[in-house]
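Notes follow the structure.
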Amino acid sequence: MNLRRRQFLELSAATAAVSMLGTKFARAASDPDTIRIGIAANGPRTSDPNYTTQGGDNWATEQMYEQLVRPDDGTFATTPDQYRPTLATEWSASPDAKTWTFKLRQGVQFHKGFGEMTSEDVVFSFKRAMADGTNKPILSNIADVVANGPYEVVITLKNSDVNLLGTSIFLNNTAIVSKKAVDQMGAEKFKTDAVGTGPYELTRFDTKWGTALKRHETYWGEKAKVAKVESVYIADTTARTLALLSGDVDMIEAVRAPGWVDSMLQRDSTLQFDMTSPGSFNTLHINLKRKPFDNIKVRQAIMYAIDRHAVAEAMKPMGGFTADLQPEFFPGGFKTEDLPPELQYNYDPEKAKTLLAEAGFPDGFDFESNVSQREDYASIMLIVQEQLRAVGMRMNLHIGDHTAYHADNQHDKNTLALHSSSYPPIPTQLYTQQLSTRAEVKPDGSGGINYSHYGVVIPGIDDLLAKALQATDYNAYVDYCKQIELQVLRDLPLIGMSTLSFTVARNARLDLGYKVKSGYARWRFHHATKKA
Amino acid sequence: MARYFLLRLADAIPTIWLVLTLVFIAMRILPGDPAIAALGDMALPEQLAAFRHKMGLDVPLWQQYINFLIGVLSLDFGQSYMNGEPVLNLIAANLPYTIELTVAAMVIGVGAGVPLGVLAATHRDRLPDSGMRLFSLLGYAIPDFYLGALLLIGFALNLGWFPINGGGDGFVDRMYHIALPALTLALVKAAFIGRLTRTALLETLGKDYVRTARAKGAREPRVIYRHGLRNALLPLSTGMGLSLLATLSGSVAVELVFNRPGLGRMLIQAINERDYGIIQGGVVVFALLVLLINLVMDLLYIVIDPRIRVK
């Protein structure tokens, strides 16, 4: 074959281009030394754990930082004895559960040569989280944190807290950061160049792309098996799904909508799904200031009209049923059969109609309500709308932008406000935020997220909540929580609609090294292995 | 010419002011609270208040407006509510991606559209012409985001020839990442420009001077390119200008589908999060780009057709 110079040049260029494409694609698809996760957001905001506000950012901070204690991987510690030593090796509480002493692990090194972690770093981290951190409200019970020598820290509380490890110690916001690094870099720089003690350290923070981490070689514990972790931000669900199916990323945050898992398995049956139980709590606030919802019979009718098992089933396999507000394996939670019969509220539309007639609405009634367009919110409320319509409660549902929906809720503009929040096994957090008088929503937006006005319109659970929060014995704490659950089921200002697992779809090449059962919406990769 | 240029720039000032004001008002009318969006719906009232104070959202609206205008005059759009980074830095980091996508799409779109249009015009009512009409119909009918998803599934997912998402690092990698997004935008442009070229060329080919050229024995390619296409340039350049503006706005959807960095994706994110600074800054940059394109098109008319006088 005669090859002229021009043809030769063209052929060479084409070959070079194709080989370059192939190499690039191969790198993206099968690098066994990088775990890449697709985050459901547009870009990272901060890598400073004391100030994270966006859930997706916590995937990186989970690898970079550690708290004094933590539960076993893939679980929530549902009781205080289930926490494991981490940066603290041992701890003790005073009999009144107001003074907690932590002995620190010696020889723990910060990333990037910032030296050994000492009590000074622990005090510093807690104080900045308490002063201005995202979880400031939860940490407001801490009176002081002081160092007692280089390896001991004493935390004193305003009120007793038998659950301190769960409420305040194992939080993303109370992860331990390097004081020296913050002092040297300044708070602004630290947001994108943070320094912790975890199994991975930050190497790149790019608001357009994501974050990159590499193994912390002087880590105090067992070193991570995979050398690098990358969090790539892909907000668009189609783009994220394709990134997983193509092998460009190893795992993605799932779309929490009905049928999503099944549709993914149809595309690739080898995919693995990690799900936390319970995940988010979807609670339905009934505005007690709006007629006719101030009538207990109407609220009971709602309870009988909604088939909560069907709601959970529709979100399968992510949906979970709760007989009350807490899942049955959380402190304070009940199984349906353990509830008094009149509080079991098994689905019964005929009973709902009877109750409505008794309340003076034999033909039902019309009302307005709002919901967010986000998949999980809209799906649940559309089911609720149909079920209420079947008994005569005709809800005119306005579906709107998620940010606007929350702003409207916070200005008391909703009738049946669905709310999704994640909670650890500390039931008092949900009661404090969604049911206490102190958290009552205000029309000017200055209140909290007690959208039902419980405790103001009708007496609430404030006294029981105060007793639970002051309990010095864990069993007594749980008992008060159970009493609160029963009272809420009697008064019905808030309905536990369903839980919704936080879900990650994962390529089978990646093995986490443990089973995800429960926990916050992020998990560690230090035991993970990856096949090429 | 320089005076004309300066006058046109001065003309743009009221337009920019109007855009600024409309964006400012629109953001404040839109329901949703930037403080809740930034800090989450569990934030305490005092945290929200501190945030509003820090971001200057607690002063009267007129004062926010004045502060905003003063900021724009000094090229300071404030900082992002979400990560505290100066808006100008974010724009500077994202703008090149949008420009390179727009330019690449236009190069492919014009590169394919003009020859297709010529082919259709010179084979009027025959197969190439019918094919061209079908192609332009499809081009008009398929939305960018849908075409993007199809190309992604076909060429990136199934064949694995292109990356699934991102903007790439370094020139070669960036060109590799831009291929499918640019093609997505370019196919629609090619359809539009092809159709436009066909119409404009058919019109000029029917003129007397073309008949004269043919009568004088000019070869057909010379007739088409020298006499036909050259004289069709004016309507074509108007179409290209419009197409460039459409490509710029189309980049928003394409940046989302391909998860590319860029002004469009940044703006959508900012709107969802009520990040006023980014929205205001981003819209101003988009408006400036549109004005710039219009200005360049006007100047091009003068170059293409000297009979158009600068007034």
Side-chain angles (χ1 to χ4, degrees), chain A residues 17-18 20-22 24-26 28-29 38 41-46 53-55 132 134-137 140 188 191-192 206-209 232-236 238-240 242-249 400-411 419 421 433 442 445-449, chain B residues 30-50 80 82-85 89-90 93-94 97 145 148-149 152-153 156-158 160-169 172-173 176-177 179 256-262 265-266 268-274:
Chain A
V18 169
M20 182 187 72
L21 302 188
K24 182 76 188 177
F25 184 75
N42 281 293
R45 289 183 193 165
T46 179
T53 53
Q54 179 172 257
D132 200 25
T134 324
N135 263 327
K136 187 179 160 186
S140 62
E188 274 306 303
K191 277 185 187 172
T192 56
D206 181 343
T207 51
K208 302 187 300 299
W209 172 79
V232 186
Y233 284 67
I234 314 174
D236 184 76
T238 310
R240 208 162 66 247
L242 293 177
L244 176 70
L245 294 174
S246 70
D248 194 32
V249 298
D401 167 88
H402 190 68
T403 311
Y405 169 73
H406 276 301
D408 281 349
N409 280 351
Q410 294 223 330
H411 288 81
H419 189 86
S421 297
Q433 288 172 350
K442 298 273 170 38
S446 64
I449 59 168
Chain B
L30 201 66
D33 184 338
I36 296 174
L39 301 181
D41 46 31
M42 305 285 228
L44 280 181
E46 62 259 34
Q47 283 176 300
L48 296 172
S80 161
M82 295 302 156
N83 56 25
E85 198 163 339
N89 290 3
L90 291 170
N94 282 283
Y97 288 94
F145 65 88
L152 256 182
I153 291 168
L157 182 63
N158 293 338
W161 290 355
F162 294 98
I164 286 283
N165 65 68
D169 299 311
V172 174
D173 198 30
Y176 174 43
H177 277 78
L256 281 176
V257 172
F258 289 91
N259 196 45
R260 275 181 62 79
R265 199 180 72 144
M266 187 185 81
I268 296 290
Q269 173 190 4
I271 290 167
N272 286 336
E273 294 168 340
R274 306 293 188 270

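Chain identifiers are assigned alphabetically (A, B, ...) following the order of the sequence lines, protein sequences preceding nucleic acid strands; residue numbering begins at 1 within each chain. Computed from heavy atoms alone, side chains included, the values below leave out hydrogens, waters and symmetry copies.
- Residue B:Asn259 holds its CG atom at 11.5 Å from CH2 of A:Trp209, rounded to the nearest 0.5 Å.
- Salt-bridge check for A:Lys191 with B:Glu85: failed, with every basic side-chain N at 4.0 Å or more from each acidic carboxylate O.
- For a residue to count as touching a neighbouring chain, one of its non-hydrogen atoms must lie under 4.5 Å from one of that chain's; by this rule A:Tyr233 touches chain B with the backbone only.
- In this structure, the portions of A:Asn42 lying under 4.5 Å from any heavy atom of chain B include both its backbone and its side chain.
- Residue B:Leu157 holds its CG atom at 10.0 Å from CG of A:Leu244, rounded to the nearest 0.5 Å.
- Taken from OG1 in A:Thr238 to CZ in B:Phe258, the straight-line distance is 11.0 Å, to the nearest 0.5 Å.
- Of the residues considered (B:Ala93, B:Ala149, B:Gly167), B:Ala93 shows the highest number of contacts with chain A, using heavy-atom pairs under 4.5 Å.
- Looking at A:Ala243, the atoms closer than 4.5 Å to chain B (heavy atoms on both sides) sit in the backbone and in the side chain alike.
- Counting only heavy atoms from C-beta outward, the side chains of A:Leu242 and B:Ile153 approach each other to under 4.5 Å.
- Heavy-atom distances place the side chain of B:Leu90, and not its backbone, under 4.5 Å from chain A.
- Using a 4.5 Å heavy-atom threshold, the side chains of A:Thr207 and B:Met266 count as separate.
- A:Arg45 places no side-chain N or O within 3.5 Å of a backbone atom of B:Gly84 that could act as its donor or acceptor partner.
- Under 4.0 Å is where a charged nitrogen must lie from a carboxylate oxygen, and between B:Arg260 and A:Asp236 no such pair does.
- Separation of atoms CG (B:Asn272) and NE2 (A:His402) is listed at 10.0 Å; rounding is to 0.5 Å.
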